[in-house]
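Shown next, in structure tokens, is the structure this report addresses.
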Amino acid sequence: MKNHLTRLFVVIFFFLLFHVPGMTQPSHILSTYDQQSQWAQCLHCHDDYEYTEGYINSVHGENACTSCHKGITDFDQHSEGLQKPSRPVCDKCHLQEAKDFKKNVHYLMQNFSCYDCHLDIHTVQKLDKNMKKKIIQDCAACHPQDDYVLSGHAYAVLHKDNMDAAACDDCHGLHDTRMLHTSAEKYPAEAREFYNKSCKRCHSDEEMMRRNNLSTMTVREYEHTYHGKVQDLGYPTRVAGCADCHTSHNILPKTDPNSTVHPTNLVANCGRCHKNSNENFVKYAAHADYTDYKQHPGLFATFIAMSALLVLVFVFFWIHTFLWWRKDYWDKYKLEAAGMVRKSHLPVKDASKVFQRFGAVERVMHLILMISFFALVITGMPLKFHTTSWAKYTIALLGGAHNAGLIHRISAAVMILLFLYTLVLSLKFLKPAGKFTFRGIFANLFGPDSLFPSLKDWQDLKGMVRWFFDKGEKPKFERWTYWEKFDFLAVFWGMLAIGGSGIILWAPEWASKIFPGWIFNVATIIHSDEALLASGFIFTVHFFNTHFIPSKFPMDTVIFTGRYRVEELYESRELEYERLKAAGQLEGKIKKYPTIIVSLVSGLVGILSLSLGLLLTVLIIWGLFF
Amino acid sequence: MKYLLTVILLWLAVPGFAQADLDPGWKFISPDDLHQWMQGARTDFVLINTLSPIEFRQCSIINSVSIPLEWIDQPDKLPADKNKFLVFYCCSQRCAISRRAADIAVNKGYLNVFVLEAGLPAWKEKGYPTVSQESVVPLNVLSLKPKALLKFMKESEDWLILDIRSQGEYAKQHLRNSINISFTDLDAHYHDLPLNKKIIVVDEVGHRSFLACRFLKMKGIQNAQRLFGGMVEWTETLGDEFVETKPGTAGE
């Protein structure tokens with residue numbers, strides 16, 4: 001039994017020794033004896049250098065002639081020219097290359113085979129170090145030196161031995177040179193995206209850039225620009241990619257007078273897309289690092305100022321909102337815990353009357369503002385947070401960056417018109433009823449119906465803070481509270497900042513007739529940060545102050561219905577109630593309760609808007625922190 | 001109001017007219033569908049390569065026949081049965097040549113005319129079988145971009161521009177002092193070319209001149225070079241410079 005087992009093991013051992021893959025020679029490599037005898041036969045006739053020494057020293061030297069030249073079965077017939085070998089196929093061994101080559105433009109369009117590029121197939125050597133040079137030289141056999149390798153990356157490879165510089169294959173692929181090459185024909189978008197990625201692959205490699213004394217920030221800075229963001233969203237055809245400014249071959253540094261990005265050539269270079277490009281226009285920094293205060297002091301100052309503004313506004317109002325919520329919730333809880341109902345200070349007959357707070361014009365204006373604001377946020381935020389997946393999804397949903405841009409501009413125009421109308425209304429409001437005097441204007445400006453801040457607002461703020469900490473009564477308000485005035489006046493500042501920068505970015509060629517080009521960089525920062533401020537403020541502070549405060553939760557529809565109970569007027573704006581009552585104007589503002597349609601629509605619009613706003617807040621937070 | 005109504009009606013009607021105008025009488029067929037036909041889904045069709053004989057021999061779809069565009073009008077080239085399914089293909093994604101061939105077939109009264117969508121490259125990209133009857137030997141062919149060629153033409157007289165497009169296309173617009181031998185006729189007429197001059201081969205978009213140059217080089221005309229991007233690239237880069245246009249000349 002033991003003998004049998006030993007024998008079995010011996011058999012298995014020898015079986016494995018000769019049959020495990022890799023332990024035996026591949027079938028196409030002949031034993032030295034076979035190879036030499038067969039080779040000698042072929043060399044009788046094929047005795048050129050490339051088949052003799054050249055071949056035996058090549059990388060394929062271990063293979064027999066018939067490894068590639070198959071189909072010769074009768075030596076005599078072959079020597080008489082009657083039997084020809086079939087076309088050599090390389091894909092038996094070079095599987096991946098053969099697979100890649102099926103997508104190669106040279107194969108698809110010109111029916112290239114392997115030896116159309118590997119012309120020296122019989123003497124081909126292994127090229128570890130000089131691979132890049134060889135590739136460039138082989139490609140340049142057809143693609144002329146002047147157009148492709150005279151300068152730039154290829155020159156650095158060939159003449160400076162810089163193996164970091166790109167050879168043809170680094171951008172175009174080697175065996176899988178893409179069809180994109182003929183980009184004008186069918187693949188303009190794919191080609192741009194493909195080649196941008198090629199540039200970015202090396203130029204975002206910090207170690208490689210440092211080694212070559214190049215900026216490590218180039219790609220990141222580009223991605224902060226409008227060009228870079230739209231590219232990243234996946235719509236590369238309408239904005240400049242790398243090659244649009246820097247050209248694709250023979251790329252030169254900007255210090256070279258022949259470079260497209262040399263200062264003397266910039267007007268023409270930018271002018272290829274921006275038709276009215278001029279000296280002023282090209283002062284735009286296409287790769288601006290706004291944190292670099294030495295190189296871009298203006299941008300740095302803008303960046304700091306905008307950041308400070310955002311931090312100040314948010315810190316102040318979020319604290320204000322939190323304290324308010326705390327106080328309101330605690331009070332409400334105490335009442336509920338004690339089983340009490342808030343008692344009305346007015347007789348029931350008066351309290352249940354319906355007061356007209358907003359007229360039809362004001363309500364429509366607010367609705368238009370809301371819709372245009374949402375449209376601007378939905379179409380603008382994807383650009384700001386272009387790296388997120390929701391940005392790409394949103395833009396695709398809108399039918400591309402071009403459509404999003406169109407909607408953004410239409411909404412902006414609507415909002416600007418609304419703003420101008422508000423200005424007209426404001427001026428009308430300031431105009432004195434009787435004779436035109438400055439005193440009359442001042443009286444209106446600081447009157448009870450004005451939205452302009454006054455000393456009372458400061459006192460109200462202090463009063464509110466005292467009330468937040470249970471140190472005093474809640475202040476009594478007139479028609480407009482200080483936070484409502486802030487909401488209103490912030491729009492004036494916002495329209496100047498975001499509207500002004502938006503218009504500059506909308507028509508940069510025209511703007512360049514007045515401003516230097518770096519104003520576009522400034523405008524980009526302002527527009528982007530101000531957008532964050534506006535949407536963040538509306539979706540958190542305004543939403544809370546007006547809707548989510550416990551006494552009004554989940555929402556206050558007065559801006560849509562225009563009406564609320566006199567009770568509410570008294571509770572929230574006692575001074576206005578007293579003033580109207582004393583002047584006998586209250587009765588004139590008493591209306592019927594809103595109809596069921598108005599009430600229903602108001603509720604729906606309110607809920608939808610609040611939900612949308614909260615959703616957008618989540619997306620913005622996602623974009624900011626993840 | 002009436003005016004507005006008219007405009008709206010016109011606007012609604014335009015796509016209808018446009019549709020009628022645009023319908024060429026033939027249809028595109030995808031490589032997948034054609035492959036299905038070949039697998040036996042349809043037997044009564046003829047697959048026609050509309051390129052030159054040289055290109056046909058270099059690489060063609062299996063079981064296809066060669067009828068260059070210029071010869072389609074000749075009698076007895078297309079099958080007699082007008083109900084026969086005809087599928088034309090050429091080498092470009094735009095299918096310019098096969099579409100022209102299909103137009104001619106439709107005009108001749110063929111009822112079932114198809115053009116292979118995106119042509120031979122798309123067929124190859126799918127990995128479907130092709131055949132090479134006679135391959136032109138591998139040789140490098142230098143390309144000249146329009147600006148380089150213009151400079152070269154201004155500096156020297158040792159060149160001859162050979163336009164390998166069809167006679168019709170050549171008649172419409174061609175480079176000054178160029179001669180015309182269509183790719184289809186090159187096989188028969190290449191020996192008319194001088195050996196002491198640089199031959200610069202010009203085609204429509206630069207896809208065909210490469211093989212034409214290789215063919216010329218194989219035949220001993222070593223000085224053959226090609227214009228990168230063909231006439232399209234030339235006019236896009238240099239506009240009308242060195243271009244002779246004959247307006248109103250009947251094309252194909």
Side-chain angles (χ1 to χ4, degrees), chain A residues 84-91 98-122 124 136-150 176-188 190-191 247-250 258 272, chain B residues 51 54-60 90-96 117-128 130-149 151-152 204-214 225-230 232-233 236-237:
Chain A
K84 286 189 174 176
S86 57
R87 274 164 70 95
V89 275
C90 309
D91 57 5
K99 201 174 151 208
D100 289 348
F101 191 61
K102 296 286 175 209
K103 304 275 174 209
N104 189 306
V105 63
H106 298 104
Y107 164 70
L108 293 173
M109 301 303 290
Q110 303 295 350
N111 210 40
F112 267 43
S113 50
C114 308
Y115 26 92
D116 281 305
C117 295
H118 300 282
L119 286 166
D120 54 352
I121 195 78
H122 288 108
V124 66
I136 293 173
Q137 281 156 356
D138 280 0
C139 295
C142 291
H143 300 279
Q145 298 266 346
D146 286 4
D147 294 325
Y148 299 96
V149 300
L150 198 63
D176 59 347
T177 309
R178 301 276 302 272
M179 191 89 145
L180 303 173
H181 213 87
T182 48
S183 53
E185 185 155 320
K186 208 182 169 188
Y187 309 97
E190 288 92 329
T247 70
S248 45
H249 300 106
N250 290 335
N258 289 321
R272 290 194 297 133
Chain B
L51 300 168
I54 298 168
E55 286 164 299
F56 176 76
R57 292 198 297 269
Q58 175 80 3
C59 179
S60 56
C90 63
C91 63
S92 150
Q93 315 234 312
R94 286 180 183 161
C95 310
E117 203 171 355
L120 188 55
W123 178 266
K124 285 161 89 178
E125 205 170 359
K126 290 269 178 188
Y128 294 142
T130 56
V131 61
S132 182
Q133 293 172 9
E134 181 192 276
S135 199
V136 174
V137 289
L139 287 163
N140 298 328
V141 175
L142 204 61
S143 320
L144 288 170
K145 286 201 172 176
K147 278 182 185 164
L149 176 57
K151 190 169 159 244
F152 175 67
E204 181 133 19
V205 287
H207 290 156
R208 308 177 76 194
S209 51
F210 181 80
L211 187 64
C213 281
R214 275 194 164 185
Q225 297 184 5
R226 62 188 274 268
L227 173 64
F228 179 93
V232 169
E233 179 89 4
E236 271 174 15
T237 322

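Per chain, numbering begins at 1; letters A, B, ... match sequence-line order. Because only heavy atoms are used, hydrogens play no part in the values below, and waters and symmetry mates are left out as well, while side chains stay in.
Heavy atoms of B:Cys91 lying under 4.5 Å from chain A belong exclusively to its backbone. Residue B:Arg226 does not touch chain A at all, counting heavy-atom pairs closer than 4.5 Å. The contact between A:Phe112 and chain B is made entirely by side chain atoms (from C-beta outward), counting heavy-atom distances below 4.5 Å.
Chain B forms more heavy-atom pairs under 4.5 Å with one residue of A:Asn104, A:Leu108, A:Leu119 than with any other, namely A:Leu108.
In terms of modelled atom types and a separation under 3.5 Å, the side chain of B:Ser143 and the main chain of A:Cys142 share a donor-acceptor contact.
Checked against side chain to side chain contact (heavy atoms under 4.5 Å, CB included), A:Ser113 has the following partners two or more places apart in sequence or in another chain: A:Arg87, A:Tyr115, A:Asp116.
Taking the side chain as every heavy atom from C-beta outward, B:Leu120 and A:Asn111 never approach each other to under 4.5 Å.
With rounding to the nearest 0.5 angstrom, the CG atom of B:Leu227 is 11.0 Å from the NZ atom of B:Lys145.
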